[in-house]
Colleague: 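Take a look at this one; I'll ask things after.
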Amino acid sequence: SAKPSQNFDLIVVGGGPAGATVSAAVALHGHRVLLVEKETFPRYQIGESLLPSTVHGVCRILGVEDALADAGFKPKRGGTFRWGRNRDPWQFSFALSPRLADPTSFAYQVERSRFDAILLDNARRVGVDVREGCRVTGVLADEERVRGVRWTGPNGEIHQAAARYVVDASGNGSRIHTHVGGKRIHSDFFRNIAVFGYFAGGARLPAPNDGNVFCAAFDEGWIWYIPLRDDLTSVGAVVAREHAEAVQGDPATAWRRLIDACPEVRGFLDGVPQATQAPYDKVRVRKDWSYWKSQLWRPGMALVGDAACFVDPVLSSGVHLATYGGLLAARSVNGCLDGGGLDETRLFAEFEARYRHEYGLFHEFLVSFYDMHQDERSYFWKARKVTNVGTTELEAFVELVGGLASGDASLTGAEPAGERLTAVADDFERAVRRLPEADDLRNPLYESESFRQVFQEGTVLQERGLFGGPLETESPLRPGGLVASEDGLAWVEP
Ligand code: FAD
């Protein structure tokens, strides 16, 4: 039988980047937060390449930026790509806008076991009651709202806890996300499979780009090459779902074969042994990662991070969406709990609109990014062209973002959306072609409006971290919308 009920302001399910962010951001406003995490940290997770908005935006707001700087992670100035019609590698750096001073124009390549533990320790430090080795097994709800969770302790003892709000941050394996908005909507376009593992070293790009993520497209898909430490490199191949049987049947062999099929990466790893220390001694497989939900909240409960949605590994948006989504949810929860008089529906509608908008921008951007690759002879690349975004998927997607992504008028029907995506892909391609050779400081971001647009919110977050607020007065996303408070932790009237 259940132990006596405990009471909290917020219960967070899952202690990854999304859960650690939302819990800390609500505890920072003095509210009582319980976080239930089924593993005991440090635990393994994939998703090692970060964006600057996480490091300098969210992490600074949470007060964990110094701990991160002390951890000795590999600084990442940007990305180097062998991608698109251009056969030569090109790169972009994170110097997002000439306005931003250099201190924020880098991110990190992180061992997630260590990164996630730093964020979770920070949550504990600011007052979150963190319970590791405990699993949430169910949601307590009535017709009106969600009111708490049922969870199991390390020795199998059953608890119940009540709260004003429950946030599901339990990742892609979430069992409780169905309590908000039913089933996940899966993307056909990003229906890929990844097989990944680690090498005990490997060549590095010439400085100062030695911390860049390197991505190379080849016939069957693309490969990531992430320098985590001098003696550790993360290498993963993303291929069409049609290869699932072969990949899942013998992941290690498939992984080696795909690395051999990509000349640059094969060259980088010539003579380098596979890593042998746990957790890096295994070759792992992931698939079915691209989905979203028709709803991201209901009274008493919200979804953030992979529990809510994920696009695709290319261009490292996962941890950004997880931590940004966590921050957005925290602003709504704080807005309600602080008692500033704003209506719950309005506060959570703001969370949902902003989260959909950001997801929508990345989704479109990544579709167009795949479209840049024009090799018509390759099954993988042919199948992943804009023209293969199915009408149902486009319609579902238009419904999701409600015309919010990339301007209203253009997103009114399936066809214009398809045309616009192709135009965006052409815009990238031209921007990349304009990059002067051997000048890594020039940046497709300066050359392409679409590139700039997708990193817009990230830039605002970075400015908030760096200057204590955005450089320009923040305007609401939509009429009647709210804006972030001065400390970045709640919503207020503009
Ligand atoms: P998670 O990190 O998955 O955390 C969820 C937590 O919830 C876990 O610790 C889990 O133990 C806990 N949990 C689950 N169920 C329960 C329960 N019932 N009770 C209690 N706790 C529970 N992102 C990037 O930013 N950069 C990359 O380079 C990148 N590469 C990727 C490559 C691949 C192949 C894939 C598939 C994804 C990649 N991602 C990348 C995405 C990234 O992995 C995720 O977006 C990110 O980990 C999401 O964080 P999260 O906090 O939402 O979930």
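Read the numbers this way: they start at 1 and go in the same order the structure lists the ligands and their atoms. Here the structure is a predicted model, which is why all the values come from computation and not from measurement.
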Colleague: For atom 44 (C) of ligand 1, grab the closest protein heavy atom and report residue, atom and distance to one decimal in Å.
Modeller: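 Here the nearest protein heavy atom works out to Asp306 OD2, 3.2 Å.
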Colleague: Any N or O on Asn172 sitting closer than 3.5 Å to an N or O of ligand 1?
Modeller: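 Between Asn172 and ligand 1 (N or O atoms, distance only) the closest approach is not under 3.5 Å.
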Colleague: Among the heavy atoms of Trp151, does any lie under 4.0 Å from an atom of ligand 1?
Modeller: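 The answer is no, since Trp151 has no heavy atom less than 4.0 Å from ligand 1.
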Colleague: Can you tell me if Glu48 has a non-hydrogen atom under 4.0 Å from ligand 1?
Modeller: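 In this structure, Glu48 qualifies as a contact of ligand 1 - some heavy atom is under 4.0 Å.
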Colleague: Based purely on interatomic distance, does Ile226 place a nitrogen or oxygen under 3.5 Å from a nitrogen or oxygen of ligand 1?
Modeller: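 Looking only at distances, the answer is no, because the N/O contact criterion of under 3.5 Å is not met.
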Colleague: If you measure every N or O of Arg112 against every N or O of ligand 1, does any of those distances drop under 3.5 Å?
Modeller: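 By distance alone, the answer is yes.
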Colleague: If you take the nearest heavy atom of each of Ser290, Ser49, Ala322, which one is closest to atom 26 (N) of ligand 1?
Modeller: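 Result: the heavy atom closest to atom 26 (N) of ligand 1 is in Ser49.
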Colleague: Return the residue, atom name and 0.1 Å-rounded distance of the protein heavy atom closest to atom 10 (C) of ligand 1.
Modeller: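 Sorting protein heavy atoms by distance from atom 10 (C) of ligand 1 puts Glu37 OE2, 3.4 Å first.
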Colleague: Would a 4.5 Å heavy-atom cut-off, applied to side chains only, mark Cys262 and Phe268 as touching?
Modeller: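 Not touching, per the 4.5 Å side-chain cut-off.
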Colleague: Side chains of Val239 and Ile193: does their closest heavy-atom pair fall under 4.5 Å?
Modeller: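 Of all side-chain heavy-atom pairs linking Ile193 with Val239, at least one is under 4.5 Å.
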Colleague: Could you tell me whether some N/O pair between Arg135 and ligand 1 is separated by less than 3.5 angstrom?
Modeller: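 Such a contact does not occur with ligand 1.
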Colleague: Is there at least one pair of N or O atoms, one from Arg43 and one from ligand 1, spaced under 3.5 Å apart?
Modeller: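 Between Arg43 and ligand 1, an N or O pair is found under 3.5 Å apart.
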Colleague: For ligand 1, is there an atom lying under 4.0 Å from some heavy atom of Pro17?
Modeller: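 Checking ligand 1 against Pro17, which is what was asked, there is a heavy-atom contact under 4.0 Å.
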Colleague: In terms of residue, atom name and distance, what is the protein heavy atom nearest to atom 18 (N) of ligand 1?
Modeller: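 Of every protein heavy atom, Val136 O, 3.1 Å lies nearest to atom 18 (N) of ligand 1.
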Colleague: Among all protein heavy atoms in this structure, tell me which lies nearest to atom 27 (C) of ligand 1, with the distance rounded to 0.1 Å.
Modeller: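 It is Gly47 CA, 3.5 Å.
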Colleague: Verify the ring-centre separation between Phe348 and Tyr165: is it less than 6.0 angstrom?
Modeller: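 That pair passes the under 6.0 Å test.
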Colleague: Minimum heavy-atom separation for Asn334 to Ala25, with atom names?
Modeller: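 Closest heavy-atom pair between Asn334 and Ala25: ND2-O, 3.1 Å.
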Colleague: Heavy atoms only: give me the nearest Asp168-Ser174 pair and the separation to one decimal.
Modeller: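 Minimum heavy-atom separation between Asp168 and Ser174: OD2-OG, 2.6 Å.
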Colleague: Show your working on ring pair (Phe, Tyr, Trp, His ring centres under 6.0 Å) between Phe351 and Trp491 and close with a plain yes or no.
Modeller: CA-CA 9 Å; Phe351 152 76; Trp491 297 119; 8.8 Å; no
Colleague: Can an N or O of Asp116 be found at a distance shorter than 3.5 Å from an N or O of ligand 1?
Modeller: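 No.
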Colleague: Which heavy atom of Ser316 sits nearest to which heavy atom of Ser49, and what is that distance?
Modeller: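 Looking at all heavy atoms of both residues, the shortest contact is CB-O, 3.1 Å.
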Colleague: Looking at non-hydrogen atoms alone, which of Phe196, Phe310, Tyr44 comes nearest to atom 38 (C) of ligand 1?
Modeller: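 The residue whose heavy atom sits nearest atom 38 (C) of ligand 1 is Phe310.
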Colleague: Check each heavy atom of Ala18 against ligand 1 and say whether those closer than 4.0 Å belong to the side chain, the backbone, both or neither.
Modeller: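 For Ala18, backbone and side-chain atoms both sit under 4.0 Å from ligand 1.
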Colleague: Pick one of side chain, backbone, both or neither for how Ala169 approaches ligand 1, counting any non-hydrogen atom pair under 4.0 Å.
Modeller: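 It is the backbone that touches ligand 1; the side chain stays farther off.
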Colleague: Measure the distances from the heavy atoms of Gly326 to every atom of ligand 1 and state whether one is below 4.0 angstrom.
Modeller: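 Per 4.0 Å heavy-atom rule, Gly326 does not contact ligand 1.
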Colleague: Decide if the gap between the ring center of Tyr370 and the ring center of Phe190 is smaller than 6.0 angstrom.
Modeller: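 Yes; Phe190 has its ring centre under 6.0 Å from that of Tyr370.
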Colleague: Any heavy atom of Ile46 closer to ligand 1 than 4.0 angstrom?
Modeller: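 Yes, that is the case, since the closest heavy atom of the residue is under 4.0 Å from the ligand.
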Colleague: Identify, by atom number and element, the atoms of ligand 1 in contact range of Gly16, meaning under 4.0 Å from any of its heavy atoms.
Modeller: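 This gives 4 (O), 6 (C), 51 (O) as the contact atoms.
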Colleague: Taking the six-membered ring for Trp, is the centroid-to-centroid distance between Trp224 and Trp83 below 6.0 Å?
Modeller: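 When the ring centroids of Trp224 and Trp83 are compared, they turn out to be at least 6.0 Å apart.
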Colleague: Suppose I only count heavy atoms of Ala194 and a 4.0 Å limit; which atoms of ligand 1 are within that range?
Modeller: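 Going through ligand 1 atom by atom, the ones under 4.0 Å from Ala194 are 34 (C).
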Colleague: Just heavy atoms, cut-off under 4.0 Å: does Gln45 contact ligand 1 by side chain, backbone, both, or neither?
Modeller: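 Side chain only.
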Colleague: At a non-hydrogen distance cut-off of under 4.0 Å, which region of Ser174 contacts ligand 1 (side chain, backbone, both, or neither)?
Modeller: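 Answer for Ser174: neither.
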Colleague: Which one of Gly171, Ser170, Gly236 has a non-hydrogen atom at the shortest distance from atom 22 (C) of ligand 1?
Modeller: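 Of the listed residues, Ser170 has the closest heavy atom.
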Colleague: For Lys38, which part has a heavy atom under 4.0 Å from ligand 1: side chain, backbone, both, or neither?
Modeller: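 Near ligand 1, Lys38 shows its backbone as well as its side chain.
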Colleague: Among all protein heavy atoms, pick out the one at the shortest distance from atom 31 (C) of ligand 1; state its residue, atom name and that distance to 0.1 Å.
Modeller: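 Of every protein heavy atom, Pro313 CB, 3.7 Å lies nearest to atom 31 (C) of ligand 1.
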